[in-house]
Amino acid sequence: MSLRIVVCVKYVPDATGDRHFAEDLTVDRDDVDGLLSELDEYAVEQALQIADEADDAEITVLTVGPEDAKDALRKALSMGAHKAVHVEDDDLHGTDALGTSLVLAKAVEHVGYDLVISGMASTDGGMGVVPAMLAERLGVPQVTLLSEVAVADGKVTGRRDGDAASEQLEASLPAVVSVTDQSGEARYPSFKGIMAAKKKPVESLDLSDLGLEAEEVGLEGAWTKVDEANERPARTAGTVVKDEGEGGKQLAEFLAGQKFI
Amino acid sequence: MAEVLVYVDHVDGAVRKPTLELLTLARRIGEPVAVHLGAGADAAARTLAEYGAVKVLTADAPEFADYLVVPKVDALQAAFEAVSPAAVLVPSSAEGKEIAARLAVRIGSGIITDAVDLEAGAEGPVATQSVFAASYSTKSRVTKGTPVITVKPNSAAPEAAPAAGTVEQLAVSFGSASTGTKVVSRTPRESTGRPELTEAAIVVSGGRGVNGSENFSLIEGLADSLGAAVGASRAAVDAGWYPHTNQVGQTGKSVSPQLYIAAGISGAIQHRAGMQTSKTIVAINKDAEAPIFDLVDYGVVGDLFEVVPQLTEEVKSRKG
């Protein structure tokens, strides 16, 4: 039987750009270019490697986001995912992590899955909570923050490197997996892959397709509210000296003055 | 006064510093009730009481170690139902955030992660967060359910405030999901004897300029002279010079020490995201144009192989 893999990805503002908040204190997505979150590229890569090992596997890449988020889907398709699902709805604007996990859970169930894979966190919000929330909502095991992952005989196994210990984990499918940037370098799309991606199907879904109401998501439905967003004042320029042979001693003098020594 | 649940991060009853910070912050919004899971509750209770816990709810079961995350969520939920708190505070570790995330879904409450400060507000606790590589500071609150908030290490100075700290057994029934992910084996990380990276008051990090794993001993030497933790940039980690667990940056650890020393690190946005909230920033780099110098309180343009050993010697001699 075919192994159905769904990779959840996010379209995020480029971190090297000048990121801002919009007037409603959501992330301003008009002012800065977006792209497929780098951390989700690792998830696409692991999905491709798992699919290579399986007899028969189908990879669906899934995102929730505005029209431009299709760019993230195209990138994943050009890397080798088979098809894409785009959840897009004006009412989704301002959806928080709980809402996102709700929409993803409904969409993953709509697609059908044996394995859900995502990156460890987005590179914009960076909360790192959606994979755990998704597992909770789907009622399946969470096998998260893996630096190594493998699927065989209806089981997913992997290594989770924590602060205090490195753990070997095992769960039965279906399951939700998240991978870290240590899981393996993501491949670059080939020219052939980029051309093939243009012909791959992208299914569009809105809230009603998922049986969700507008009040359950978006800024209105959010479980949290940002009341203030203030740009930090730029750090005042510090002292920079050129080492003329006494640089280490000068630095020690500074540290002593600050009571660090 | 409203009760506030505080999830205790500990190693066999030795309470870690971020939990003491949480107790300190919790007292701003209510009476802290600590939730201690696993062994060592009696030892932990003494510390927790010293820092303000009016009560310590405790449970121990093999499930906490044998399965991933979910048994702890079951226990925290049991505590939540027993207490009906005004808020739930959890340390912002990788596991802490996952526990908080699942609890938030279960109790239908909003969640705020990686708070760097917390205060009481007219409509519930207000959390300060540092976002977009610390270029913005936001104030947020939970608008539905009971606020679940994870707090980053070094967000407050722990203040002693002796309280009763009465230990009570917590009854936990584990749901079917709790045994979903088995921990097949666990290899403890070898202790370096240095402070934990995210909790350290001083962090010394090395980057591309360190140029080889063998040269990281220079960084370690400076760190040890200052009693600091050792960090590494992604470039140094990707090159295999230092373990990933020490990586500072967007895909590694986010640190906020009193003093951050960057040696041979240019200061790419991904690195800055992980250290920009450090109180005092110092850099040593050959390249005068490196973006890290835009952030520093004190910078030395120079060869780290000259500057770092001289600094280490000077620190040692001044400390006697």
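All values reported here derive from a predicted model rather than from experimental measurement. Keep in mind that the numbers below use all heavy atoms, side chains included, and drop hydrogens, waters and symmetry copies. Proteins get letters first, then strands, A, B, ... in listed order; numbering begins at 1 in each.
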Chain A contact via B/Asn246 - side chain, backbone, both or neither, heavy atoms under 4.5 Å:
neither
Can you say whether A/Gln182 sits under 4.5 Å from chain B via the side chain, the backbone, both, or neither, judging by heavy atoms?
side chain
A/Glu220 CD to B/Thr143 OG1 distance, which is reported to the nearest 0.5 Å:
10.0 Å
Measuring heavy-atom distances to chain B, does A/Glu185 have an atom under 4.5 Å in its side chain, in its backbone, in both, or in neither?
neither
Which region of B/Leu311, side chain (C-beta onward) or backbone (N, CA, C, O), has a non-hydrogen atom less than 4.5 Å from a non-hydrogen atom of chain A, or is it both or neither?
both
Is any side-chain heavy atom of A/Leu39 less than 4.5 Å from a side-chain heavy atom of B/Thr251?
yes
Residue pair A/Gly245 / B/Gln310: nearest heavy atoms and the distance that separates them
O-NE2, 2.8 Å
Please flag which part of B/Val105 lies under 4.5 Å from any non-hydrogen atom of chain A: side chain, backbone, both or neither.
both
What part of B/Thr277 is in contact with chain A, defined as an atom under 4.5 angstrom from a non-hydrogen atom: side chain, backbone, both or neither?
side chain
Please give me the minimum heavy-atom distance between A/Glu215 and B/Lys144, naming the atom from each residue.
O-NZ, 4.5 Å
Check whether A/Thr157 gets within reach of chain B through its side chain, its backbone, both or neither, counting any heavy atom under 4.5 Å.
neither
Residue pair B/Tyr298 / A/Val240, side-chain heavy-atom distance below 4.5 Å:
no
Parallel under 30°, tilted from 30 to 60°, perpendicular over 60°: which one fits the rings of A/His20 and B/Tyr136?
perpendicular
salt_bridge(A/Glu253, B/Arg318) N-O dist < 4.0 Å
yes
With a 4.5 angstrom heavy-atom cut-off, could you sort out which part of B/Ile261 is near chain A: side chain, backbone, both or neither?
side chain
So do B/Val131 and A/Arg19 actually touch side chain to side chain, heavy atoms under 4.5 Å?
no
Side chain, backbone, both or neither: which part of A/Ala121 has an atom under 4.5 Å from a heavy atom of chain B?
neither
Checking heavy atoms, do the side chain of B/Lys316, its backbone, both or neither come under 4.5 Å from chain A?
neither
Shortest non-hydrogen contact from B/Gly180 toward A/Ala171:
O-CB, 3.4 Å
Between B/Ile281 and chain A, with a heavy-atom cut-off of 4.5 Å, which part of the residue counts as in contact: side chain, backbone, both or neither?
both
Applying a heavy-atom distance below 4.5 Å, give me the residues of residues 65-73 of chain B that approach chain A, sorted by number.
B/Leu68, B/Val69
Would B/Glu98 and A/Arg160 pass as an ion pair if we require N to O under 4.0 Å?
yes
Below 4.5 Å from any heavy atom of chain B, which atoms of A/Phe260 appear? Answer side chain, backbone, both or neither.
both
Strictly below 4.0 Å, N to O, side chains only: are A/Asp163 and B/Arg189 in salt-bridge contact?
no
Could you have a look at B/Gly302, B/Pro243, B/Ser140 and say which one has the most heavy-atom pairs with chain A under 4.5 angstrom?
B/Ser140
Examine whether an atom of A/Leu169 lies under 4.5 Å from a heavy atom of chain B, and if so say whether it belongs to the side chain, the backbone or both; otherwise answer neither.
both
Relative to chain A, which segment of B/Leu226 carries a heavy atom at a distance below 4.5 Å: side chain, backbone, both, or neither?
side chain
Honestly, the part of B/Ser185 sitting under 4.5 Å from a heavy atom of chain A is both
Which answer fits A/Ala97, side chain, backbone, both or neither, if we ask what part of it has an atom under 4.5 Å from a heavy atom of chain B?
neither
Do the side chains of B/Arg102 and A/Glu136 get close enough for a salt bridge, i.e. N-O under 4.0 angstrom?
yes
Applying a strict 4.5 Å limit to non-hydrogen atoms, the region of A/Leu251 in contact with chain B is both
B/Ala134 versus chain A, the contacting section by heavy-atom distance below 4.5 Å:
both
Proximity breakdown for B/Ser225 and chain A, heavy-atom pairs closer than 4.5 Å
neither
B/Glu196 versus chain A, heavy atoms under 4.5 Å apart: side chain, backbone, both or neither?
side chain
Within-4.5 Å side-chain heavy-atom neighbours: A/Leu255 and B/Leu259:
yes
Once you round to the nearest 0.5 Å, how far does OG of B/Ser135 lie from CZ of A/Arg232?
9.0 Å
Side chain / backbone / both / neither for B/Val237 at chain A, heavy atoms under 4.5 Å:
side chain
Using a strict cut-off of less than 4.0 Å between a Lys/Arg side-chain nitrogen and an Asp/Glu carboxylate oxygen, indicate whether B/Arg186 and A/Glu167 qualify as a salt bridge.
yes
Chain A contact via B/Asp114 - which portion, at a heavy-atom distance below 4.5 Å:
side chain
